[in-house]
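To start, the structure itself, in C-alpha cells.
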Amino acid sequence: MNNKLFVGGLSWGTTDKELMEAFSPYGTVTEAKVIKERDSGRSRGFGFVTFDTEAEATAAAEALNDTELDGRSLRVDFAHDKR
DNA sequence: GTTGAGCGTT
C-alpha cells in the first residue's frame, strides 16, 4: 500500500479537514489526518493523507508538493513505515 | 501566548 502520503510544512492552525479539502479533488481520500500532540492536542505541523489508489496519491503529491497551503509552503511525499 | 524538520493513531 503505497498510497500513504506524508504532508509537512503545515501551518499550526491547519487541521485534517483542510487536508481533506486540499487532497480530495485530486483523488479519493480514504484517510486524511493532521498529527497533533497526544497530550495537549496541539498541531505538530504535519499530517498523513491516504488515497484509494497509488496513482491518485502520486498525482496529489506532485500537485500539492512544494505548493502553498494556509500561507505556508507545503511538503508532500510518500510516507515511510516509520523512520 | 512559543517552534519549522520530520513520518501517526486506532
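For the numbers below, each heavy atom of this structure counts, side chains included, while hydrogens, waters and symmetry mates do not.
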Roughly how many Å is it from [atom1] in [X] to [atom2] in [N], rounded to a whole number?
| X | N | atom1 | atom2 | result |
| --- | --- | --- | --- | --- |
| A:H80 | B:dA5 | NE2 | C1' | 13 Å |
| A:D39 | B:dT9 | CG | P | 10 Å |
| A:K33 | B:dG8 | NZ | P | 13 Å |
| A:K4 | B:dT9 | NZ | C1' | 12 Å |

Base, sugar-phosphate or nothing for A:L10? Non-hydrogen atoms, less than 4.0 Å.
base

TODO: Scan A:K36 against the nucleic acid and name what it touches under 4.0 Å (heavy atoms): base, sugar-phosphate only, or nothing.
DONE: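 Nothing, no heavy atom under 4.0 Å.
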
Residues passing the side-chain contact (heavy atoms from CB on, under 4.5 Å) test with A:D70, sequence neighbours excluded, are A:S11, A:T14

Sorted by number, residues from residues 46-53 of chain A placing a heavy atom under 4.0 Å from DNA chain B are A:F46, A:F48

- Message: Among residues 16-28 of chain A, which ones have heavy-atom contacts with DNA chain B below 4.0 Å?
- Response: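 Nucleic-acid contacts, sorted: none.
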
Using residues 16-37 of chain A as the side-chain source, report each donor-acceptor pair under 3.5 Å to any protein atom, sequence neighbours left out, with the distance given to one decimal.
residue: A:S24; atom: OG; partner: A:M20; partner atom: O; Å: 2.5
residue: A:T30; atom: OG1; partner: A:T50; partner atom: O; Å: 3.0

Closest approach of [X] and [Y], non-hydrogen atoms and distance?
| X | Y | result |
| --- | --- | --- |
| A:L74 | A:L69 | CD1-CB, 3.3 Å |
| A:N3 | A:D52 | ND2-O, 3.6 Å |
| A:L5 | A:A57 | CD1-O, 3.2 Å |

The nucleotide from B:dT9, B:dA5, B:dG8 with an atom nearest the side chain of A:E31 is B:dG8

d(A:W12 CH2, A:R42 CZ) to nearest 0.5 Å is 11.5 Å

Taken to the nearest 0.5 Å, the spacing of A:K4 NZ from A:D77 CG works out to 13.0 Å

Next item on the list: Respond yes when some side-chain nitrogen or oxygen of A:R44 is under 4.0 Å from OP1 or OP2 of B:dG8, and no when none is.
Entry: no

What pairs of nitrogen or oxygen atoms, one from the protein and one from nucleotides 1-3 of chain B, lie under 3.5 Å apart?
residue: B:dT2; atom: O4; partner: A:R42; partner atom: NH1; Å: 2.9

Of A:S11 and A:I35, the one whose nearest nucleotide on DNA chain B sits closer to the 5' end is A:S11

Check your understanding: CZ of A:R44: more than 12 outside heavy atoms within 6.0 angstrom?
Key ->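 Yes - once you tally the heavy atoms of other residues, nucleotides and ligands closer than 6.0 Å, there are more than 12.
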
- prompt: Under the ring-ring contact (aromatic ring centres under 6.0 Å, His included) criterion, do A:F6 and A:F78 qualify, and how do the steps go?
  reply: CA-CA 5 Å; A:F6 168 78; A:F78 285 94; over 10 Å; no

Do A:F46 and A:V7 sit in the same hydrophobic cluster, where Ile, Leu, Val, Met, Phe, Trp and Tyr count as joined when their side-chain heavy atoms come under 4.5 Å apart?
->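 In one cluster with A:F46: A:V7, no.
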
